[in-house]
2 protein chains.
Amino acid sequence: MGTEQSSDVVAADRPLRIGEVARQTGVTPRTLRYWEEIGLLEPAAYRESGERLYSPAERDRVLHIRELQDLLGLTLAEIQDVLASEDTVERARRAARADAPTLKRLQLLSDAIEANRRLVERINDRLQRVIEFRDECIERGNRMAARRAELESQLSRAGKG
Amino acid sequence: MGTEQSSDVVAADRPLRIGEVARQTGVTPRTLRYWEEIGLLEPAAYRESGERLYSPAERDRVLHIRELQDLLGLTLAEIQDVLASEDTVERARRAARADAPTLKRLQLLSDAIEANRRLVERINDRLQRVIEFRDECIERGNRMAARRAELESQLSRAGKG
DNA sequence: CCTACCGTTGACGTTAACGTAAGACTTGGA
DNA sequence: TCCAAGTCTTACGTTAACGTCAACGGTAGG
């Protein structure tokens, strides 16, 4: 019943330097510093020298941010909102570990659920519109294909006759 | 059996001035001029004075461009590609009206179909990833909801006992 | 024909989201 | 201890996609 400590293998949650996070996520150190500058992503800690130290949680957050950016096309400002909502989840989690009263925990959890619901709704709206757009494209494709078939049969009749 | 001409009602395809197109589509005149500058959208004609004249076709194209921008988050450069593909469709249509040989028309049509297919594929890729992302969000929501239910039942038992 | 818009062409300004470069300091391994 | 590689801050540069302003000319309705 040892703890999860094992110092001879690379600790799974050893602090990451900025370059490591960058390599693991595909963003540049500059981007991480910029995100910090605008209050989007804080390092887990700093060394006395000023060097930034990240934990795997932050690395995951980087990936999350990139998805919100690339997939949903949100601006960093919008992403801040979304993350602020999601942080409610984190607060709820912390409250769970601490000795927070059940009622308080319920409240936080409900907030988090609500924030999540709004995000899903937002995504669904977007999905709906993209699907409609795609279907229009498919429709056009079908009409063109039909027209092509028509032309082809014309051509074959001409070849026969 | 008159033609579709009727000059006493507002002609459906009367040339539109830049401000009209702007109002009808929600973009600014500046944006239309910019799109023209980068070769994204040409007016149907110019007056001698230099004033731009658009037809309903261009107005529709504006809406189309905005959808590609907002919904799919494409850059104007990417949109140029997409539109170039779609213009193949237009060329095929023109060839159909003209006395182009059936074989030529078939070729153009096939190109258009292929371009459309690639666009649909692209959209589907995006859709797939967005759906996965949404489902992850929903999953998280479900876990939180379950946790909340747990807390609630805890609370009610405490209230009873 | 007059007037109130509408439009034109420059040309410079703006915002988001970083890139890049300089100069100094840290860190980690041989 | 030493050196290469990494990191720090500061600050200016860049790109896309327009916004804004000035100075000027065209358009349309009464």
Side-chain angles (χ1 to χ4, degrees), chain A residues 7 10-11 14-55 58-59 61-83, chain B residues 7 10-11 14-55 58-59 61-83:
Chain A
S7 42
V10 175
R14 114 190 106 89
L16 302 162
R17 302 178 73 184
I18 198 171
E20 295 177 299
V21 176
R23 271 188 298 279
Q24 290 181 25
T25 59
V27 311
T28 67
R30 173 65 173 109
T31 295
L32 293 174
R33 293 195 198 99
Y34 175 68
W35 288 0
E36 178 181 349
E37 192 182 326
I38 64 172
L40 184 58
L41 178 71
E42 299 274 320
Y46 300 89
R47 281 211 258 240
E48 301 231 339
S49 66
E51 193 177 331
R52 293 162 177 76
L53 295 178
Y54 299 84
S55 70
E58 275 83 45
R59 182 202 46 200
R61 190 163 170 138
V62 169
L63 296 173
H64 190 52
I65 292 175
R66 271 278 124 113
E67 262 188 321
L68 291 171
Q69 242 191 332
D70 300 343
L71 243 58
L72 301 186
L74 302 188
T75 67
L76 294 186
E78 292 170 322
I79 293 176
Q80 285 209 16
D81 285 4
V82 172
L83 291 189
Chain B
S7 44
V10 175
R14 114 190 106 90
L16 303 162
R17 301 177 73 184
I18 197 169
E20 296 176 299
V21 176
R23 270 188 298 280
Q24 289 181 24
T25 59
V27 311
T28 67
R30 172 65 172 110
T31 296
L32 293 175
R33 294 198 198 97
Y34 175 67
W35 287 0
E36 179 181 348
E37 193 183 325
I38 64 171
L40 184 57
L41 178 71
E42 299 274 321
Y46 299 90
R47 281 211 259 240
E48 301 231 338
S49 65
E51 194 177 330
R52 292 161 177 79
L53 294 178
Y54 300 85
S55 70
E58 275 83 45
R59 182 201 46 200
R61 190 165 169 135
V62 169
L63 296 173
H64 190 51
I65 292 175
R66 269 280 124 111
E67 262 187 322
L68 291 172
Q69 242 191 332
D70 299 343
L71 242 57
L72 301 186
L74 302 188
T75 68
L76 295 187
E78 293 169 321
I79 292 177
Q80 285 211 17
D81 285 4
V82 172
L83 291 190

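All of these numbers come straight from a predicted model, not from anything done at the bench. Reminder, nothing fancy here: chain letters follow the sequence lines and each chain counts from 1.
For Glu42(A), there are no salt bridge (charged side-chain N to carboxylate O under 4.0 Å, His left out) partners at least two apart in sequence or on another chain. A search for side-chain contact (heavy atoms from CB on, under 4.5 Å) contacts involving Pro15(A) returns Leu53(A), not counting sequence neighbours. Taking the side-chain contact (heavy atoms from CB on, under 4.5 Å) definition, one finds that Glu51(A) meets it with Arg17(A), Arg47(A), Ser49(A), sequence neighbours left out. Checked against side-chain contact (heavy atoms from CB on, under 4.5 Å), Glu37(A) has the following partners two or more places apart in sequence or in another chain: Arg30(A), Tyr34(A).
As rounded to whole Å, 14 Å separates atom C1' of dC6(C) from atom OH of Tyr54(B). To the nearest angstrom, P of dT9(D) lies 10 Å from CD of Glu37(A). If you measure from atom CZ of Arg33(B) to atom C1' of dG7(C), you get 6 Å, rounded to the nearest angstrom. Rounding to whole angstrom units, OH of residue Tyr46(B) and C1' of dT9(C) are separated by 13 Å. As rounded to whole Å, 12 Å separates atom C1' of dT7(D) from atom CD of Glu20(A). At whole-Å resolution of the value, CG in Leu53(B) and P in dC6(C) are 16 Å apart.
For the side chain to side chain contact (heavy atoms under 4.5 Å, CB included) with Leu41(B), the qualifying choice from Leu76(B), Leu32(B), Val21(B) is Leu32(B), the only one to do so.
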Could you write out each protein N or O paired with an N or O of nucleotides 26-28 of chain D at a distance under 3.5 Å?
residue: dG26(D); atom: O3'; partner: Ser49(B); partner atom: OG; Å: 3.4

Are any protein N/O atoms closer than 3.5 Å to N/O atoms in nucleotides 14-18 of chain C? If there are, list each pair with its distance.
residue: dA17(C); atom: OP1; partner: Leu76(A); partner atom: N; Å: 2.9
residue: dC18(C); atom: OP1; partner: Arg66(A); partner atom: NH2; Å: 2.9
residue: dC18(C); atom: OP2; partner: Trp35(A); partner atom: NE1; Å: 3.2
residue: dC18(C); atom: OP2; partner: Gln69(A); partner atom: NE2; Å: 3.0

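Between the CZ atom of Arg61(A) and the CZ atom of Arg59(A) there is a distance of 14.5 Å, given to the nearest 0.5 Å.
Judged purely by atom type and a 3.5 angstrom limit, Glu67(B) has no side-chain atom pairing as donor or acceptor with the backbone of His64(B).
A salt bridge is absent between Glu58(B) and Arg52(B); no separation between the charged side-chain nitrogens and carboxylate oxygens falls under 4.0 Å.
Nucleic acid contact class of Arg52(B) (heavy atoms, under 4.0 Å, all strands): sugar-phosphate only.
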